[in-house]
Amino acid sequence: MRRTTIILLLLALLFALTPVNSFAQEELSCTRGGLKRAVDQYIKAQTKGDISGLPLAATVSYIENMKAHDIKTGLINEPVKIDYHYSIYDEDSCQTFTEVIVTNEEKPLVFGARMRINHDKIAEIETLWTTTGYWLFNAVDYKKYASGEDWGPLPVEKRSSRGALVSAANAYLDAFLEGKLDLVPWGFPCVRIEGGVSTSPGEVVPPDASCEVGVPAGVNITNRRFIVDEVSGTVQVFCTFGPTSPDGQMGAADSHLFRLENGKLRYAHTLTHMKMSDFKGPMDNVPGQ
């Protein structure tokens with residue numbers, strides 16, 4: 001009788017522990033669901049400004065504006081009231097990208113955050129942020145325009161392959177150097193939000209709205225890295241405006257987020273970590289100027 005009781009107690013204990021252990025192992029992964037759980041945890045941590053609850057790898061890499069940064073003093077430790085966020089999920093590279101908008105008058109922010117998951121841990125967090133005084137920055141307008149757009153999952157017949165999404169992003173960024181706009185798979189209507197300025201700021205987007213507005217020539221966009229989400233037809237690129245100089249100085253840290261439908265460009269969101277006062281070029285073709 002005593003032996004039977006002990007066995008039953010052991011079985012009960014095993015049964016109680018199994019779901020917990022299973023959940024811990026399954027919580028973060030490279031599946032779409034696992035990546036979404038990682039983003040949910042990141043959003044909670046960023047809102048609180050507290051990373052203690054994040055499942056960070058022991059040697060987690062933290063980057064801000066394309067430079068290594070101490071995670072203990074980074075933006076991720078600043079509590080913020082998030083007014084808008086949107087994420088994409090790359091199962092092939094086990095990465096996520098989240099666009100975040102904070103309209104707080106004292107310190108408004110628009111930033112993009114990349115994470116890479118390694119098994120059940122967050123191995124990398126990278127943030128590129130913009131705020132007052134940075135390139136075309138306007139958090140309130142950014143939220144207004146972005147929240148009115150449809151970046152949701154696409155029907156299968158409207159999706160593009162991973163290769164096609166990367167090629168479209170490259171064609172767009174290549175046009176900044178040689179001006180070959182005809183190689184970009186433009187769609188219509190197409191709207192670009194740049195820092196907070198929209199190429200189609202009206203209440204209704206006209207059917208012929210174009211993202212070609214203000215694309216300069218002669219700018220070499222380098223150091224490109226891609227995060228791709230075929231389900232939502234999106235591709236995000238971390239890159240720099242200008243090549244790295246011989247002394248190691250990079251061009252301005254930049255993020256471009258694209259949405260394609262039926263293989264054609266429909267939306268583009270851009271963030272550039274560059275102060276307006278540091279820009280020395282002509283403003284003639286800059287949207288909203």
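Computed from heavy atoms alone, side chains included, the values below leave out hydrogens, waters and symmetry copies.
Counting non-hydrogen atoms of neighbouring residues, nucleotides and ligands closer than 6.0 angstrom, the CD atom of Glu106 reaches no more than 12 such neighbours.
Residues Tyr62 and Glu64 have side chains that bring a donor and an acceptor to within less than 3.5 angstrom of each other.
A donor-acceptor pair under 3.5 Å is absent between the side-chain atoms of Asp141 and the main chain of Val197, judged by distance alone. Although no hydrogens or angles enter the test, the distance criterion places a donor-acceptor pair under 3.5 Å between the side chain of Thr199 and the main chain of Arg192.
Exactly one residue among Asp92, Asp229, Asp90 makes a salt bridge (Lys or Arg N to Asp or Glu O under 4.0 Å) with Arg32. That residue is Asp229.
By the 4.5 Å heavy-atom criterion applied to side chains, Leu56 and Ile71 are counted as neighbours. Side-chain contact between Arg114 and Gln236 is absent, with no heavy-atom pair separated by less than 4.5 Å. The side-chain heavy atoms of Ser210 and Phe188, taken from C-beta on, include a pair separated by under 4.5 Å. Side-chain contact between Val102 and Lys107 is absent, with no heavy-atom pair separated by less than 4.5 Å. In this structure the side chain of Trp135 never reaches within 4.5 angstrom of the side chain of Asp254, judged on heavy atoms. Proximity of Leu165 to Phe226: side-chain heavy atoms (C-beta onward) are nowhere separated by under 4.5 Å. The shortest side-chain heavy-atom distance between Ser93 and Arg162 falls under the 4.5 Å cut-off. For the pair Ile51/Asn77, a side-chain contact is recorded, criterion being any heavy-atom separation below 4.5 Å from C-beta on.
Between Gly196 and Tyr145, the shortest heavy-atom contact is O-CE1, 3.6 Å. The shortest non-hydrogen separation linking Met276 to Leu136 is SD-N, 3.2 Å. Taking every heavy atom of both residues into account, Thr103 and Ala139 meet most closely at CG2-O, 3.9 Å. Nearest heavy-atom pair across Ala146 and Ile101 is CB-CD1, 4.4 Å. Across Gly53 and Gln41, no two heavy atoms sit closer than the pair O-OE1, 4.2 Å. The two atoms that bring Ala57 and Ala123 nearest to each other are CB-CA, 4.1 Å, heavy atoms only.
The line from OG1 of Thr272 to CG of Leu128 is 8.0 Å long, rounded to the nearest 0.5 Å. For the atom pair NE2 of His273 and OG1 of Thr131, the computed distance is 10.5 Å after rounding to the nearest 0.5 Å. If you take CD1 on Ile227 and CZ on Arg116, they are separated by 11.5 Å, rounding to the nearest 0.5 Å. Atom SG of residue Cys239 and atom CZ of residue Phe176 lie 8.5 Å apart, to the nearest 0.5 angstrom. Interatomic distance, Asp50 CG to Glu78 CD, rounded to the nearest 0.5 Å: 13.5 Å. Here the straight-line distance linking atom NZ of Lys121 with atom CG of Leu28 works out to 8.0 Å at 0.5 Å rounding.
With sequence neighbours left out, the ring-ring contact (aromatic ring centres under 6.0 Å, His included) criterion links Trp186 to Tyr172. For Arg159, there are no side chain to side chain donor-acceptor pair (under 3.5 Å) partners, not counting sequence neighbours. Among residues two or more places apart in sequence or in another chain, the side chain to side chain contact (heavy atoms under 4.5 Å, CB included) test is passed with Ala209 by Pro189, Ser200, Val205, Pro206. Applying the side chain to side chain contact (heavy atoms under 4.5 Å, CB included) rule to Thr98 yields the partners Val39, Ile43, His85, Ser87, Val100; only residues at least two apart in sequence or on another chain are considered. With sequence neighbours excluded, no residue satisfies side chain to side chain donor-acceptor pair (under 3.5 Å) with Asp40. Residues passing the side chain to side chain donor-acceptor pair (under 3.5 Å) test with Thr222, sequence neighbours excluded: Thr240.
Hydrophobic clustering of Ile, Leu, Val, Met, Phe, Trp and Tyr side chains at less than 4.5 Å, counting indirect connections, unites Leu181 with Leu265. Under the 4.5 Å side-chain contact rule for hydrophobic residues, Met115 and Ile63 do not share a cluster. Both Val80 and Leu54 belong to a common hydrophobic cluster when Ile, Leu, Val, Met, Phe, Trp and Tyr are linked at side-chain heavy-atom distances under 4.5 angstrom. Under a hydrophobic clustering in which Ile, Leu, Val, Met, Phe, Trp and Tyr are joined whenever their side-chain heavy atoms come within less than 4.5 Å, directly or via other members, Leu173 and Val228 fall into the same cluster. A continuous path of hydrophobic side-chain contacts links Ile82 to Phe111 [ILVMFWY only; heavy atoms under 4.5 Å].
Residue pairs meeting the disulfide bond (SG atoms under 2.5 Å apart) criterion with at least one member in residues 104-147: none, sequence neighbours excluded. Sorted by first and then second residue, the disulfide bond (SG atoms under 2.5 Å apart) pairs involving residues 107-226 (not counting sequence neighbours) are Cys190-Cys211. Counting only residues at least two apart or in different chains, salt bridge (charged side-chain N to carboxylate O under 4.0 Å, His left out) contacts with residues 255-264 comprise Arg259-Glu261, Glu261-Arg266. Screening residues 140-181 for disulfide bond (SG atoms under 2.5 Å apart) gives no qualifying pairs among residues at least two apart or on separate chains. The stretch residues 63-167 participates, sequence neighbours left out, in these disulfide bond (SG atoms under 2.5 Å apart) pairs: Cys30-Cys94.
Electrostatic pairing of Lys81 and Asp83 counts as a salt bridge here, judged by a charged N lying under 4.0 Å from a carboxylate O.
A centroid separation of 6.0 Å or more is found between the aromatic rings of Tyr267 and His269. Side-chain rings of Tyr142 and Tyr84 stay apart, their centers remaining 6.0 Å or farther from each other.
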Mind running side-chain contact (heavy atoms from CB on, under 4.5 Å) on Met66 and Glu126 for me, showing each step along the way? CA-CA 8 Å; Met66 299 191 181; Glu126 178 174 6; 4.0 Å; yes
Before giving the answer on side-chain contact (heavy atoms from CB on, under 4.5 Å), spell out for Leu75 and Leu109 the whole-Å C-alpha distance, their side-chain angles and the decisive distance to 0.1 Å. CA-CA 10 Å; Leu75 174 64; Leu109 290 162; 3.9 Å; yes
Evaluate side-chain contact (heavy atoms from CB on, under 4.5 Å) for Ile221 paired with Val237, printing each intermediate quantity in order. CA-CA 11 Å; Ile221 298 181; Val237 191; over 6 Å; no
Residues 242-251, side-chain donor-acceptor partners within the protein, below 3.5 Å, at least two apart:
unit_1, atom_1, unit_2, atom_2, d
Thr244, OG1, Asn223, ND2, 3.4
Ser245, OG, Asp247, OD1, 2.2
Ser245, OG, Gln249, N, 3.1
Ser245, OG, Gln249, O, 3.2
Asp247, OD1, Gln249, N, 3.2

